[in-house]
Amino acid sequence: MHDASATTIERLYTLLARDFELKPEALEPGTRLEDLDIDSLRMIEILFSVEDAFRITVPAEQAELREKVKTVGDLAGYIDSLVAAQHGAGKGA
Amino acid sequence: MRRVAVTGIGVVSPLGNDTGALFAALSAGRSGIARLAGKFHERLASPVGAAVAFDAARHFPAPQLRMLDRVSQFALAAAAQALAQAGGVFEGLDRARAGVFVGTGMGGAETADEGYYTLYGERSDRVKPFSVLLAMNNAPASWIGIEHRLTGPNLTYSTACSSSTVAIGEAARRIASAEVDVMIAGGAEAPLNFGTLKAWEALRTLAAADADDPSASCKPFDRRRGGLVLGEGAAMMVLEDRERAMARGATILAEVAGYGLCTDATHITRPSVAGQAEAMRRALENAAMDAGEIGYINAHGTGTQANDGVETAAIREVFGASAARTPVSSTKSMHGHLLGAAGALEFAVALLAMRGGVLPPTINLLEPDPECDLDYVPLTARAGAQVDAVMSNSFAFGGTNAVLIARRAA
């Protein structure tokens with residue numbers, strides 16, 4: 001649903017592969033999180049890592065997140081939107 | 001009532017991470033107590049403890065490890081060993097008839113300590129996302145249940161230093177009464193973090209580090225005893241309906257013969273001769289044994305001034321004429337005080353002693369105390385011991401006294 005910047009999704013792949021033992025080759029923008037066995041608990045941990053890596057704060061509303069973020073690409077796009085909102089567009093972390 | 005067999009024992013201890021290593025260390029009278037290394041440990045008045053050498057990354061993949069406090073890591077590793085020894089214990093079993101009882105005094109204390117450090121020390125608001133799940137006291141038992149899909153009762157007992165004695169005793173009762181057929185029962189503790197050590201230090205119950213030899217800091221029953229030395233680890237047992245264990249051809253390591261439980265209800269820390277004696281009497285009564293049949297007692301033997309004299313008097317009261325000829329040792333002199341895991345580790349030690357025919361010593365007992373006048377197996381292990389029944393004592397802050405008796409597998 002979002003078009004994430006290439007760097008964001010690459011960084012997200014790296015983070016997922018390193019911290020969550022996911023195979024990099026299994027990761028594509030369209031990969032569904034539920035197909036990676038990312039349940040609500042694992043998602044909390046991923047968001048914690050994402051907050052650190054991208055220096056952002058992910059709002060706490062779980063329901064909204066579940067609605068917005070279904071794939072790896074969605075997550076990268078969501079990260080971009082938070083980076084833009086919290087750091088100013090284009091600056092990233 | 002059904003009889004209860006022990007068919008597996010697993011340990012993660014300051015004296016080694018399997019029963020073979022533990023038994024060898026006990027037989028050699030080797031101490032697992034040493035000077036502690038840690039970020040803040042130079043601020044401890046007595047920086048000694050009995051730590052476990054445990055490479056967590058070898059046991060668990062990284063994502064799982066982030067969900068496990070050190071206490072749960074120990075518990076899972078010990079349970080896996082016990083189950084491996086019990087061999088195929090769940091084959092043909094409805095797993096609703098199997099459960100897990102774990103004793104722990106302080107649960108995920110390390111996670112709590114780290115969380116507070118983050119908040120107060122680093123002044124960060126970024127507490128680890130799974131802090132609650134790591135720190136909760138029932139995490140060790142829950143993880144064992146999840147790992148082996150055991151849907152019967154899963155309970156965590158927290159009665160300080162008798163926690164895991166209670167867990168094993170209660171598990172045995174469930175099997176005896178035919179509510180369940182198989183239980184994983186034991187204890188786990190990981191208290192060697194700065195905050196927990198400081199709290200124990202403040203209570204003035206910790207032994208001073210021995211100036212010449214830190215490994216000799218814990219001196220149970222010795223005139224010079226100055227307190228306990230904290231240790232960490234876990235011990236888990238597979239308990240099983242004896243008939244079933246025999247039917248499937250399992251090796252029965254011992255039989256849980258008796259369990260005695262009572263409460264002082266007098267003082268939050270001060271032990272009582274009456275309470276300790278009553279727990280031993282109840283265990284003997286439950287086992288339908290006379291005191292004279294007990295061939296070895298693994299004492300609570302903390303090395304505090306208060307406990308060791310009281311425990312000696314309580315043993316004298318219950319054992320009467322046979323007290324003088326019953327060997328009693330405090331293996332805490334070697335593995336330290338594992339608090340909630342102490343009872344399970346020491347019951348395991350007693351079973352290994354009975355099976356191996358070697359009574360582990362009370363090391364560092366060089367200056368006898370007139371108040372402590374039993375046979376404490378001083379300094380060196382006693383080989384060639386023919387023991388058919390053993391007792392393990394656990395007496396807790398809070399006053400919960402628990403005693404287990406095991407007999408040789410018939």
Side-chain angles (χ1 to χ4, degrees), chain A residues 11-28 31-66 68-69 71-72 74-76 78-79 82-83 85-87 92-93, chain B residues 55-73 75-77 80 100 107-108 110-151 154 156:
Chain A
R11 286 173 67 192
L12 186 57
Y13 289 164
T14 306
L15 180 151
L16 290 172
R18 186 196 62 205
D19 292 347
F20 301 94
E21 299 205 336
L22 297 170
K23 293 191 176 66
E25 59 272 21
L27 301 173
E28 287 176 21
T31 310
R32 294 179 62 82
L33 297 174
E34 64 182 47
D35 293 335
L36 296 172
D37 275 337
I38 293 173
D39 62 6
S40 60
L41 213 48
R42 202 52 88 194
M43 193 62 188
I44 289 167
E45 205 183 18
I46 289 172
L47 294 178
F48 188 81
S49 294
V50 161
E51 287 186 327
D52 278 345
F54 294 90
R55 297 179 196 284
I56 53 176
T57 303
V58 178
E61 296 87 11
Q62 285 281 311
E64 185 198 350
L65 197 68
R66 269 198 297 277
K68 271 189 185 162
V69 176
T71 66
V72 175
D74 290 346
L75 181 57
Y78 183 54
I79 292 168
L82 293 173
V83 169
Q86 294 172 20
H87 294 280
Chain B
D55 183 1
R58 274 192 52 221
H59 288 267
F60 308 100
Q64 186 187 9
L65 199 49
R66 287 199 299 272
M67 301 191 78
L68 301 174
D69 184 273
R70 190 167 172 83
V71 74
S72 294
Q73 297 167 27
L76 278 165
V100 185
E110 190 160 296
T111 297
D113 187 64
E114 280 174 15
Y116 293 135
Y117 179 71
T118 303
L119 290 170
Y120 302 127
E122 295 181 329
R123 298 189 168 275
S124 160
D125 293 323
R126 312 252 325 133
V127 176
K128 283 186 186 167
F130 294 156
S131 296
V132 169
L133 308 182
L134 274 89
M136 64 189 196
N137 276 6
N138 61 325
S142 298
W143 284 118
I144 293 169
I146 290 166
E147 179 93 3
H148 304 289
R149 307 187 312 283
L150 309 179
T151 58
N154 188 301
T156 297

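Throughout, a chain's letter reflects where its sequence line sits, starting with A, and its residues are numbered from 1. The structure presented is a predicted model; accordingly, all values stated were derived computationally and were not measured. Every heavy atom of this structure was used, including side-chain atoms; hydrogens, water molecules and symmetry mates were not.
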**Q** Any side-chain heavy-atom pair from Val58(A) and Phe48(A) closer than 4.5 angstrom?
**A**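 A side-chain contact is absent here, since even the closest heavy-atom pair is not under 4.5 Å.
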**Q** Dump the table of donor-acceptor contacts under 3.5 Å between chain A and chain B, or return none if there are none.
**A**
{"unit_1": "Asp19(A)", "atom_1": "O", "unit_2": "Arg66(B)", "atom_2": "NH1", "d": "2.8"}
{"unit_1": "Asp19(A)", "atom_1": "O", "unit_2": "Arg66(B)", "atom_2": "NH2", "d": "2.4"}
{"unit_1": "Arg42(A)", "atom_1": "NH1", "unit_2": "Pro63(B)", "atom_2": "O", "d": "3.4"}
{"unit_1": "Glu45(A)", "atom_1": "OE2", "unit_2": "Arg66(B)", "atom_2": "NE", "d": "2.5"}
{"unit_1": "Phe48(A)", "atom_1": "O", "unit_2": "Arg126(B)", "atom_2": "NH2", "d": "2.9"}
{"unit_1": "Glu51(A)", "atom_1": "OE1", "unit_2": "Arg126(B)", "atom_2": "NH1", "d": "2.5"}
{"unit_1": "Glu51(A)", "atom_1": "OE1", "unit_2": "Arg126(B)", "atom_2": "NH2", "d": "3.4"}
{"unit_1": "Asp52(A)", "atom_1": "OD1", "unit_2": "Arg126(B)", "atom_2": "NE", "d": "3.0"}
{"unit_1": "Asp52(A)", "atom_1": "OD1", "unit_2": "Arg126(B)", "atom_2": "NH2", "d": "3.0"}

**Q** Looking at residues at least two apart in the chain, or sitting in another chain, which of them share a salt bridge (Lys or Arg N to Asp or Glu O under 4.0 Å) with Glu34(A)?
**A**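 Glu34(A) satisfies salt bridge (Lys or Arg N to Asp or Glu O under 4.0 Å) with Arg32(A) only.
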**Q** When you compare the side chain of Ile46(A) with that of Leu33(A), does any pair of heavy atoms fall below 4.5 Å?
**A**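 No, side chains not in contact.
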**Q** With side chains defined as the heavy atoms from C-beta onward, is the minimum distance between Leu133(B) and Leu41(A) less than 4.5 Å?
**A**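 Leu133(B) reaches Leu41(A) side chain to side chain.
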**Q** May I ask you to test the Ile144(B)-Leu76(B) pair for a side-chain heavy-atom distance under 4.5 Å?
**A**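 A side-chain contact exists here, since the closest heavy-atom pair is under 4.5 Å.
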**Q** Please answer whether the main-chain N or O of Ala26(A) pairs with a side-chain N or O of Thr31(A) as donor and acceptor at a distance below 3.5 Å.
**A**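 Present.
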